[in-house]
Amino acid sequence: MELFIPSFRYEDSDLERGYTVFKIEVLVNGRKHFVEKRYSEFHALHKKLKKFIRTPEIPSKHVRNWVPKVLEQRRQGLELYLQTIISENEELPKILLDFLNVRHVPSLPKAESCGSFDETESEESSKLSHQPVLLFLRDPYVLPKANDDFPNVVIEGVLHGIFYPHLLPR
């Protein structure tokens, strides 16, 4: 899992004092989605996580002014906070996964940086199996449907050109 906080925006509200929303980019198994959170939500997450894991320092709750430079420092601090939690914990707490709107993260063992292949192979990795996701009995893109009344001249021409190039007119 990779996390980035590429941007933030300041929101004015009639009901309360203005606030900042941080946009979190979550990348899991090649799929990317975005989650927007306020600092107060990060702070609440931090309080919950402290009960289960050792957490890094979170940027200060109190900020004197809301200039872009200060908000950028807070953004960088929150990004580092999330990345540190991910890198230091083999199994991520459900609280964090819920915060990031992540439904499932496969629990594969982390790769060791040293050691032989025999040492790093575990029982879990030997249990992995590959299952077909989708199975076609015939190629749906090349072969025309059996009930087609008209032949697909484009497909026939391409197949003819690939498999019978010596028969092409000169």
Side-chain angles (χ1 to χ4, degrees), residues 1-137 139-141:
M1 176 184 302
E2 294 180 37
L3 295 176
F4 305 99
I5 304 179
S7 63
F8 61 86
R9 70 174 188 278
Y10 187 76
E11 299 256 331
D12 279 322
S13 172
D14 295 336
L15 303 174
E16 59 183 315
R17 209 174 73 207
Y19 58 89
T20 304
V21 178
F22 296 91
K23 184 176 186 176
I24 306 166
E25 179 180 314
V26 184
L27 182 61
V28 182
N29 296 332
R31 292 185 169 203
K32 178 171 45 171
H33 71 272
F34 293 94
V35 180
E36 291 189 342
K37 300 289 183 180
R38 293 173 60 172
Y39 178 84
S40 58
E41 294 172 284
F42 277 95
H43 191 71
L45 171 72
H46 178 70
K47 287 168 69 174
K48 290 177 188 174
L49 285 175
K50 282 192 332 187
K51 297 175 185 175
F52 301 104
I53 62 171
R54 195 170 59 103
T55 59
E57 288 293 315
I58 190 165
S60 174
K61 185 174 183 173
H62 303 288
V63 178
R64 289 189 185 153
N65 56 9
W66 297 99
V67 296
K69 183 178 178 181
V70 173
L71 291 175
E72 175 60 19
Q73 288 173 341
R74 181 176 264 189
R75 182 203 64 78
Q76 290 173 1
L78 291 172
E79 184 175 299
L80 179 63
Y81 174 81
L82 291 174
Q83 289 178 349
T84 302
I85 290 173
I86 289 172
S87 66
E88 290 183 356
N89 293 281
E90 184 130 348
E91 201 169 311
L92 298 175
K94 184 176 181 336
I95 298 165
L96 178 65
L97 297 176
D98 290 344
F99 178 81
L100 298 170
N101 287 345
V102 174
R103 305 226 188 302
H104 175 71
V105 176
S107 56
L108 296 176
K110 286 188 176 180
E112 299 293 325
S113 58
C114 60
S116 70
F117 177 76
D118 295 334
E119 291 173 358
T120 58
E121 187 173 347
S122 68
E123 284 184 34
E124 282 187 47
S125 64
S126 63
K127 291 179 186 174
L128 294 177
S129 64
H130 296 282
Q131 302 270 336
V133 177
L134 195 54
L135 179 65
F136 290 108
L137 299 176
D139 191 333
Y141 297 104

What distance separates I85 CD1 from F99 CZ, expressed to the nearest 0.5 Å?
9.0 Å

Rounding to 0.5 Å, atoms CZ (F52) and NZ (K94) come to a distance of 11.5 Å

Would you give the length of the straight line joining atom CD1 of I24 to atom OG of S7, rounded to the nearest 0.5 angstrom?
10.5 Å

So, do H33 and V102 sit near enough that their side-chain heavy atoms are less than 4.5 Å apart?
yes

Can L100 and M1 be said to form a side-chain contact (heavy atoms from CB on, under 4.5 Å), step by step?
CA-CA 11 Å; L100 298 170; M1 176 184 302; 4.0 Å; yes

Can a salt bridge be assigned to the pair E72 and R75 using a cut-off of 4.0 Å between side-chain N and carboxylate O?
yes

dist H43:NE2 -> S60:OG (nearest 0.5 Å) comes out at 9.5 Å

Heavy-atom nearest pair, P59 first then G77, reads CG-C, 3.5 Å

Answer yes if the ring centres of Y19 and Y39 are under 6.0 angstrom apart, and no otherwise.
no

4.5 Å side-chain heavy-atom contact, K51 and I95:
no

Has Q83 got a side-chain atom pairing as donor or acceptor with L80's backbone, closer than 3.5 angstrom?
no

Considering all heavy atoms, the nearest E79-L3 contact
CG-O, 4.3 Å

The reported gap from CG in D98 to NZ in K48 (rounded to nearest 0.5 angstrom) is 8.5 Å

Counting C-beta onward and ignoring hydrogens, is there a side-chain heavy-atom pair between I58 and L78 closer than 4.5 Å?
yes

With the threshold set at 4.0 Å, does a side-chain nitrogen-carboxylate oxygen contact exist between E25 and K23?
no

Out of curiosity, E57 CD to T84 OG1, how far, rounded to the nearest 0.5 Å?
11.0 Å

Lys/Arg cation over aromatic F8: R74, 6.0 Å, 45° cone
no

Taking the side chain as everything from C-beta on, heavy atoms only, tell me whether F42 gets closer than 4.5 Å to I5.
yes

Does the side chain of L96 come within less than 4.5 Å of L82's, by heavy atoms?
yes

When you compare the side chain of V26 with that of N101, does any pair of heavy atoms fall below 4.5 Å?
no

